[in-house]
Amino acid sequence: MSEEKSLNFIEEIISNDLAEGKYKSILTRFPPEPNGYLHIGHAKSICLNFGLANRFGGATNLRFDDTNPAKEEVEYVDSIKADVQWLGFDWVKECYASDYFEQLFQYAIQLIEKGLAYVDDSSAEEIALQKGTPTTPGTGNAFRNRSVSENLSLFTAMKEGKFEDGAKVLRAKIDLASPNMQLRDPLLYRIKRSHHHRTGDAWCIYPMYDFAHGQSDAIEQITHSICTLEFIPHRPLYDWGIEQLGLFPSKQYEFARLNMTYTIMSKRKLLQLVSEGHVTSWDDPRMPTISGMRRRGYTPHSIRDFCDRIGIAKRENIIDFSLLEFCVREHLNKIAQRRMVVTDPIKLIITNYDKGEEMLTSENNPEDAEGGLRAVPFSNELWVQRDDFMEEPTKKYFRLGPGLMVRLKSAYIIKCDRFEKDASGQVQTIYASYFSDSKSGSDTSGLHVKGTLHWVSAKHAVPVVLNEYDRLFSVEDVANAEGDFKDYINPNSLNIVTTAWAEPALLNDASEMRFQFLRKGYFYQDTTSTKTNLVFNRTVTLKDAWAKEQKK
RNA sequence: UGCCUGAUGGUGUAACGGUAGCACAACUGUUUUUGGUGCAGUUUGUCUUGGUUCGAAUCCAGGUCGGGCAACCA
């Protein structure tokens with residue numbers, strides 16, 4: 001309890017509410033509409049809502065805001081539950097706005113009886129027109145003056161399916177001249193004959209967001225209802241409904257949604273990427289979805305850490321993607337097992353190695369003292385990385401080249417003697433000699449080299465396929481870039497490597513294990529991977545100081 | 001030219017009238033059998049103009065700039 005971490009503005013509100021005895025304990029909710037998969041922006045909201053409950057000893061409901069059957073599906077409900085759980089959170093109650101349809105209908109009746117709601121026969125266009133503009137007040141229509149009894153019978157008839165879709169709506173009677181557009185007699189119910197994923201065809205009228213959300217919060221006795229900034233103008237309406245109906249006084253608070261460089265957060269656009277085939281699926285590892293990140297190899301811990309670091313405030317933001325990558329690397333560095341994989345191989349023959357082969361050992365994770373060791377087969381014929389050799393080495397190049405010495409990780413120091421090219425002029429084979437007294441762990445050679453290379457014994461190597469992912473978009477601020485966001489899709493967001501050789505240990509490793517392929521990056525087995533066809537997704541690269549140096 | 005919001009280094013986020021701090025990014029150096037990691041350090045900031053005050057990022061007034069609001073979406 002020594003370090004006092006400062007509270008964000010919502011934590012401060014809650015802390016005060018609790019101190020004043022306004023509530024004995026808090027209840028938050030995470031209220032997604034099941035019309036798509038959750039993304040990293042939702043993760044921020046999830047961590048906020050569940051995190052608040054954890055921190056202040058309260059609880060959180062998972063509530064599906066399913067009031068628009070046209071867009072919602074069970075598939076999405078299932079994925080949302082899986083994603084929240086994967087992130088490491090438990091809800092105290094699983095709720096659905098659709099569970100409250102009958103109650104909501106009764107609330108609407110109450111409003112009508114109080115003269116606060118009326119049935120309007122106008123078309124959508126007429127209503128829009130009559131609402132005026134932000135600078136000019138709206139105008140009423142004759143329907144606004146309908147009697148309570150007429151409204152009651154019409155609304156009931158609406159529910160009973162007596163009218164066509166769109167023929168009538170129920171509206172709140174508030175103030176057509178309000179400077180807040182949301183208060184210009186907002187729609188409460190519309191007629192929509194659409195199959196609902198839970199209530200089926202029981203209803204043909206559905207409540208609008210503004211007449212479902214606050215009421216659902218109140219029904220569940222949510223103390224702090226936290227949403228994003230764009231709902232600020234809705235807050236007076238949120239309070240209006242609760243007050244007129246005399247319900248539990250849930251309060252709404254707003255924070256700035258997450259934006260990230262090189263990506264988009266709009267569900268509509270994300271859906272477009274999937275449906276138009278720019279990515280393979282919602283869980284394509286390039287997607288900013290929770291499921292995409294899971295498949296890519298991000299850990300729940302790293303995502304929670306990220307959400308913790310970005311903070312909660314009311315100002316608009318755009319977070320560097322590199323911060324997320326930092327969080328992922330930081331966690332993976334501690335837990336990932338090291339393996340050697342050569343992605344772009346070139347043959348290296350050790351001419352004076354006459355033992356045939358031997359088993360060497362290498363640490364699984366230098367960051368973890370308990371990580372243990374593994375056996376790695378070594379022989380006179382190896383695969384090494386093509387870019388670890390330079391015919392004419394530059395000054396600060398610490399790798400292989402004619403006459404240069406390097407250490408082979410966990411093996412011996414070698415010296416490059418010569419090389420051969422193929423007909424096309426490409427280097428094909430490197431010939432080297434090794435120093436038998438330079439074996440890792442028992443090196444008495446006294447030699448000192450600057451470079452250490454990863455390698456794989458050719459005869460023991462197993463083939464693996466690597467999916468190397470890069471950012472999905474080529475501009476930082478995709479949402480605000482001119483023109484169609486799809487014009488900015490990075491054509492090289494996926495590079496499939498089919499030439500890679502891996503050390504045989506990978507064959508026996510569990511599929512859910514996280515790896516660092518030495519000097520290449522962190523990798524995680526893809527969902528399509530099999531024992532006979534190993535496929536790994538690159539979660540994130542390692543930092544590459546050498547690449548940076550070369551750019552200079 | 002209505003109403004609502006917001007403005008602190010490149011990016012985020014603290015400081016609640018009393019030393020502008022932290023993280024990421026960038027850059028140095030150092031360690032290292034991963035050009036990874038670790039460690040040490042450097043650079044960069046209170047939108048503007050007034051006012052209140054011994055003292056203002058913080059309070060007040062005006063301005064500037066950004067975002068949101070006129071879906072039978074949420």
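Just so it is clear, the structure is predicted and the values come from calculations on it, not from any experiment. The analysis underlying the following values was restricted to heavy atoms, covering all of them including side chains, and did not include hydrogens, waters or symmetry mates. Reminder, nothing fancy here: chain letters follow the sequence lines and each chain counts from 1.
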Taking atom C1' of U34(B) as reference, at what distance in whole Å does atom CG of Leu332(A) sit? 15 Å

5'-to-3' dot-bracket of RNA chain B (Watson-Crick, G-U; under 3.5 angstrom; crossing pairs as [ ]; | other strand): .((((((..((((....[..)))).(((((.......)))))....(((((..]....))))))))))).....

So Arg309(A), base contact, sugar-phosphate only, or nothing? Heavy-atom distance under 4.0 Å. sugar-phosphate

Encode nucleotides 64-74 of chain B as B, S and - characters from 5' to 3', where the letter depends on protein heavy atoms closer than 4.0 Å: B to the base, S only to sugar-phosphate, - to neither. ---SSSBSBSB

Contacts of type side chain to side chain donor-acceptor pair (under 3.5 Å), residue Arg386(A), not counting sequence neighbours: none

If you measure from the C1' atom in C27(B) to the same atom in U33(B), how many Å do you get, rounded? 27 Å

Taking 4.0 angstrom as the limit, do Glu230(A) and Arg257(A) come out as a salt bridge? yes

Whole-Å distance, Gln252(A) CD to C4(B) C1', equals 13 Å

In whole Å, what separates the C1' atom of A14(B) from that of U19(B)? 15 Å

Who are the side chain to side chain contact (heavy atoms under 4.5 Å, CB included) partners of Glu363(A), not counting sequence neighbours? Pro366(A), Leu373(A), Lys409(A), Ser410(A)

To the nearest angstrom, the CZ-P distance between Phe255(A) and G12(B) comes to 16 Å

Mind checking Ile318(A) for me? I need base, sugar-phosphate or nothing, with any heavy atom below 4.0 Å counting as a touch. sugar-phosphate

Just how far, in rounded Å, is C1' of G35(B) from NE2 of His454(A)? 13 Å

For residues Tyr209(A) and Phe231(A), establish whether the separation of their ring centroids is below 6.0 Å. yes

Which value, in whole Å, describes the distance between the C1' atoms of nucleotides C4(B) and A70(B)? 14 Å

What interatomic distance, in whole Å, is found between C1' of C22(B) and the corresponding atom of U8(B)? 13 Å

List the residues meeting ring pair (Phe, Tyr, Trp, His ring centres under 6.0 Å) with Phe155(A), not counting sequence neighbours, and say none if there are none. Phe105(A), Tyr189(A)

Partners of Arg471(A) by salt bridge (charged side-chain N to carboxylate O under 4.0 Å, His left out), sequence neighbours excluded? none

Starting from the C-alpha separation in whole Å, work towards a yes-or-no answer on salt bridge (charged side-chain N to carboxylate O under 4.0 Å, His left out) for Arg235(A) and Glu254(A). CA-CA 9 Å; Arg235(A) 197 196 317 136; Glu254(A) 311 87 8; 2.7 Å; yes

Side chain to side chain contact (heavy atoms under 4.5 Å, CB included) partners of Ala336(A), counting only residues at least two apart: Arg514(A), Gln516(A), Tyr522(A)

Please state how far atom CG in Asn317(A) lies from atom P in U11(B), giving the value in whole angstrom units. 12 Å

Excluding sequence neighbours, so at least two apart, what forms ring pair (Phe, Tyr, Trp, His ring centres under 6.0 Å) with Tyr107(A)? none

Tyr262(A): which residues meet the ring pair (Phe, Tyr, Trp, His ring centres under 6.0 Å) condition with it, sequence neighbours left out? none

Scan Arg399(A) against the nucleic acid and name what it touches under 4.0 Å (heavy atoms): base, sugar-phosphate only, or nothing. base

Heavy atoms under 4.0 Å, any strand shown: does Gly138(A) hit a base, just sugar-phosphate, or nothing? nothing

Figure out the CZ/P separation between Arg184(A) and G2(B), and round it to whole Å. 14 Å

Could you measure between the two C1' atoms, the one in A26(B) and the one in C69(B), and give it in whole Å? 39 Å

Check ring pair (Phe, Tyr, Trp, His ring centres under 6.0 Å) between His197(A) and all other residues, then give those that pass, not counting sequence neighbours. none

Got a donor-acceptor pair under 3.5 Å from the side chain of Arg338(A) to the base of U34(B)? yes

List in chain and number order the residues that pass side chain to side chain contact (heavy atoms under 4.5 Å, CB included) with Leu271(A), two or more places apart in sequence or in another chain; answer none if no residue qualifies. Tyr76(A), Trp282(A)

Closest to the side chain of Ile232(A), out of U5(B), G35(B), A14(B), is U5(B)

Could you tell me whether Arg309(A) and Asp305(A) make a salt bridge, using a distance below 4.0 angstrom between a side-chain N and a carboxylate O? yes

For U52(B) and A61(B), measure between their P atoms and round to the nearest Å. 15 Å

Base, sugar-phosphate or nothing for Phe64(A)? Non-hydrogen atoms, less than 4.0 Å. nothing

The residue, Arg519(A) or Ile310(A), whose nearest nucleotide of RNA chain B is more 5′ is Ile310(A)

In whole Å, what separates the P atom of G12(B) from that of G17(B)? 26 Å

Would you indicate what Leu453(A) reaches in the nucleic acid, counting non-hydrogen atoms under 4.0 angstrom: base, sugar-phosphate, or nothing? nothing

Figure out the CZ/P separation between Arg538(A) and G36(B), and round it to whole Å. 16 Å

I need a per-nucleotide contact map over nucleotides 25-30 of chain B, read 5' to 3'. Cutoff is protein heavy atoms under 4.0 Å; write B for the base, S for backbone only, - otherwise. SSSS--

Could you measure between the two P atoms, the one in U31(B) and the one in U43(B), and give it in whole Å? 23 Å

Strictly below 4.0 Å, N to O, side chains only: are Lys71(A) and Glu33(A) in salt-bridge contact? no

Atom OH of Tyr262(A) and atom C1' of U11(B) are separated, to the nearest Å, by 12 Å

At less than 3.5 Å, do the side-chain atoms of Arg407(A) and the base atoms of U33(B) form a donor-acceptor pair? yes

Whichever of Asp443(A) and Lys314(A) has the more 5' nearest nucleotide on RNA chain B, that residue is Lys314(A)

Mark yes or no for a side-chain to base donor-acceptor pair under 3.5 Å between Glu254(A) and U5(B), with no hydrogen or angle criteria applied. no

